[in-house]
Each structure stands twice: as C-alpha cells, then as structure tokens.
Amino acid sequence: MPFASVKDMRREARRRLPRAVFDFFAGGADDEVTLRDNARAFQRWALLPRILRPCPSRHLGVSLWKNDAPLAMPIVAAPTAFHRLAHPEGELGTARALAQADALFIVSMASTVALEDIAAAAHGAAKSGHARLWFQLYVQPDRAFTARLIRRAEAAGFEALVITVDSPVFGRRDRDWRNGFFDLPAGLSCETLREPQGDGQLGPPRPIAFSAAFSWSIVDEVRKMTSLPIVLKGILHPADALLALEHEVSAIYISNHGGRQLDGAPATLDVLPAIARVVAGRLPILVDGGVRRGTDVLKALALGANAVGVGRSLLWGLATEGPDGVARVLAMLRDELDRALAMCGCSSLDEVSPALVGPRREPLK
Ligand SMILES: Cc1cc2nc3c(=O)[nH]c(=O)nc-3n(C[C@H](O)[C@H](O)[C@H](O)COP(=O)(O)O)c2cc1C
Ligand SMILES: O=C(O)C(=O)c1ccccc1
C-alpha cells in the first residue's frame, strides 16, 4: 500500500503495533485536549502565498548558532523514548535514517539502545562521517550520575544538551492506565541508563527520577558540568523564555511534551508568537507538537520558530518500515515544505516571515 502522507503511515503503524504500544506512542495526558489542540492549532492559520517571486530552487538549510555548521533542514527529530517498541532496530534504525538525510537526532535519555551505540550508528551512516546529534536529559537528583551521562554524551560526539523541564512529575496518561502499560516489556531496557559495575559488567538500568524540587539553579549546575550548548525544552510561558535568556541558555524549545504532561496546556503554535516577540531574535527557537505536514513546518517558521521538532510522525515511520519508514516520513515532510516554499515564493528560510500567515476563518456551519 503506498503511503501518501504521515496520516497514512500512522494508520499502518496502528495496524501493526500491539494496542498498548500504539496507545503509549499516540496517547496524551488525561482527556488529551492539549494533544488534539497541538495539531488543530495549525489549521487555525492560513498561508498567504506571494506570486511571481522567482524561487527555482529552495534552500532549506538553517543555522541555529553563529559558527555552527548549518542543519540541512529545519525539521529535527524530537526526543522520544523506547524506539525498540516500534521496531527491533530501535534507535539504531532511527539514527541511520536521520544521519543519511543529514537531519538532527535529539536522542532521548530513555532510549532502548545505549547512547554510544546510537552515536556510532549515526556517525557511520552520515555522508560526512559526522552525524548531527543532541542528547536529551532529565536532570537526575543524583548529580554525579547526571554528570557521568553528560560526559558520555560529550565523548560520543553529541553537540548539545536538551534539558527537559516540563516534567516535575510524570504525566498521567489514561490509555496507559487502561492498558496497564507502565514499563518496558521483558527483554527491553533503557540501555543508556546502565553503568559498569565493579566486575566490569553492565548493571541494571537506573530508574529515571522526575523531581518537583528543581529550580532554575539546575540550569546553572548543568552549565558547570559541560561546555556544550544547553537547550531548555518545555517552555510555554513568555516569562519563562525571558528567564531562560537570563540563565544564558543557547536555545529555547517550546513544547508541551506532545500533550503528554499537563493536559489543558496551550497548543505550542498558539504560544509561539508571544514567545518569539519577547525573545526578539536573541536566541534560536525550536517548537514541537502536532507537526504532520510540511505546511505545518512552514507555519511554525513563519510564526517565529527557527526549527521544528517531530515526535510521533517519525515513530509511525519507524513502526511501519523501520529505518526506511523514518527516511520516508522525513522525505515527505521535507518535500512538502519545499513545495510549500515554492508556492509561497520563498527561495530560502530567510524569506519566511509573519507576513506569510494569517488567521483562517472557520467555515460557517
Ligand atoms: C512516545 C513518546 C515518548 C516521548 N519521550 C520523550 C522523552 O523521553 N523525552 C522528552 O523530552 N520528550 C519526550 N517526548 C516528547 C517529544 O519530545 C515531543 O515533545 C512531542 O512528541 C512532540 O509532539 P508530536 O509527537 O506531536 O510531534 C515523547 C513523546 C512521545 C510521543
Ligand atoms: O513518555 C514520555 O513522554 C516520556 O517522556 C518518557 C520518559 C521516560 C521514559 C518513558 C517515557
């Protein structure tokens, strides 16, 4: 069956995956209002194309930081846990597909393959021999453990740390409760969280602790542990974007965790304009949540994002066709973005501005 869109891939993933696994990937917190709102928010904006502007080829590259090698496209893999639930190759398959497309992979701390093995697969698959990798971290109350994880990520060639700050407690997902899905099945584990013991053998994975005791001081603490750029993931309030600036992070990552944490939190696209206004170009802005089409990416860029994260859409590709499916979803989104740029008369992302979007009126019923 040919796949025309991410929606088609999702349908196929649903058919293939065990119910509890599909629900774990697809689901959100509580009533899933935020989950649905993320995707719907894109439909409340219209694209306002400009005509007769020559753009025979479109350049999708984007530079987040001065002196940093540009990303090949503004579409990046948001960190998601447990890829081996989707496909036996797990994060190794994801890493290869993303590296071949020269796309950034933000690797979740809750990966089912160890970060060193993911990095080796990614660097091996990258045409340049150097894949683009960031490491997502839940800061752990055990700071020595946190520091060891950061050391390992640095040693493996990860280029930034993404600290997820929207999870002082873990969200409650009704689907997982109904399905009794609270942990990985036997045979799978969070491989990055295993450490060598006295006998040199790897110990069991350490459980991830979520802490509601953290304050902004964890950002300063982590900065003392590493010279890697720090990205704060899970910002929704403009006041927090300003605090992030004060704490000298390197980028702001707007996210409501794909609607999996606080149900009732706003759609990320809806908070993007206000955050872009206060940040005023001083920091790059990433945003994720509900991206299913290249036109969604274009709308987010027009409203002030520098890059857009994609979580579930890539998981549907992985579940359906393994690494080829990840490559397929990425190519779909990239082609859709390219086509939308052409139809809007933009030859590069520099030409994308708020003038390209306006509110869409709902049809009269
Ligand atoms: C199955 C799943 C697992 C996730 N695991 C993590 C994680 O380990 N760390 C993290 O910061 N965010 C995690 N997220 C949130 C994503 O990074 C991202 O914010 C969200 O998926 C974006 O929404 P989208 O799926 O609609 O693209 C997870 C999301 C999903 C769907
Ligand atoms: O499910 C999630 O959203 C998530 O962030 C997570 C984190 C750690 C382990 C499993 C899932």
Side-chain angles (χ1 to χ4, degrees), residues 6-7 9-10 13 17 20-29 32 34-42 75-86 90-91 94 104-112 115 134-140 149 161-173 175-176 181-185 188-193 205-210 231-236 253-263 265 267-269 286-293 296-297 300 305 307-319 329-330 333:
V6 167
K7 205 190 265 180
M9 300 292 280
R10 181 185 195 272
L17 291 172
V21 171
F22 176 81
D23 276 349
F24 167 71
F25 288 151
E32 303 188 337
T34 298
L35 169 68
R36 284 189 295 275
D37 214 29
N38 273 346
R40 283 186 186 161
F42 288 99
I75 303 166
V76 314
T80 49
F82 299 173
H83 288 199
R84 288 186 69 198
L85 280 179
E91 288 82 0
T94 313
L104 172 66
F105 186 9
I106 308 179
V107 174
S108 165
M109 166 169 168
S111 58
T112 43
L115 70 83
W134 293 359
F135 184 67
Q136 177 268 328
L137 178 74
Y138 291 106
V139 172
Q140 295 298 289
L149 284 170
L161 278 186
V162 177
I163 307 181
T164 300
V165 288
D166 58 17
S167 307
V169 294
F170 197 64
R172 216 206 74 129
R173 295 109 193 223
R175 298 196 210 199
D176 294 345
F181 185 92
F182 300 113
D183 218 339
L184 282 167
L188 298 183
S189 75
C190 287
E191 295 297 324
T192 290
L193 304 179
R206 304 185 44 145
I208 297 179
F210 298 89
V231 178
L232 269 200
K233 175 173 183 277
I235 291 180
L236 292 173
Y253 191 152
I254 300 174
S255 176
N256 53 33
H257 214 110
R260 296 162 74 83
Q261 284 296 116
L262 177 65
D263 198 31
T268 46
L269 200 70
L286 293 95
V287 63
D288 72 20
V291 173
R292 309 287 179 260
R293 285 285 188 184
D296 297 340
V297 177
V308 170
V310 178
R312 294 180 183 86
S313 298
L314 293 173
L315 291 174
W316 305 142
L318 184 65
V329 168
L330 212 54
L333 292 172

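Order of appearance sets the numbers: ligands from 1, and atoms from 1 within every ligand.
- Look at Y138 and you'll find a heavy atom under 4.0 Å from some atom of ligand 1.
- Here the options are D166, T164, D288, the test is side chain to side chain donor-acceptor pair (under 3.5 Å), and the partner is Y253; only D288 passes.
- Here is the list of ligand 2 atoms found below 4.0 Å of a heavy atom in A110: 8 (C), 9 (C).
- Which of R260, Q136, H83, K233 comes nearest to atom 12 (N) of ligand 1 through a heavy atom is settled by distance: it is K233.
- Here is the list of ligand 1 atoms found below 4.0 Å of a heavy atom in G289: 22 (C), 23 (O), 26 (O).
- Set against the non-hydrogen atoms of F25, the atoms of ligand 1 under 4.0 Å away are 1 (C), 31 (C).
- Proximity to A78 (heavy-atom distance under 4.0 Å) selects the following atoms of ligand 1: 17 (O), 18 (C).
- Nearest protein heavy-atom neighbour of atom 3 (C) of ligand 1: A81 N, 3.4 Å.
- The shortest separation from a heavy atom of R292 to ligand 1 is under 4.0 Å, placing the residue in contact.
- Applying the 4.0 Å criterion to heavy atoms of S255 picks out, from ligand 1, the atoms 19 (O).
- Of all protein heavy atoms, the one lying nearest to atom 2 (C) of ligand 2 is R173 NH1, 3.3 Å.
- In this structure, M109 does not count as a contact residue of ligand 2, since none of its heavy atoms falls inside 4.0 Å of the ligand.
- Between atom 6 (C) of ligand 1 and the options S313, S108, G258, P79, the minimum heavy-atom separation is to P79.
- Nearest protein heavy-atom contact of atom 15 (C) of ligand 1 is H257 CD2, 3.4 Å.
- Here the heavy atom of the protein found nearest to atom 18 (C) of ligand 1 is D288 OD2, 3.1 Å.
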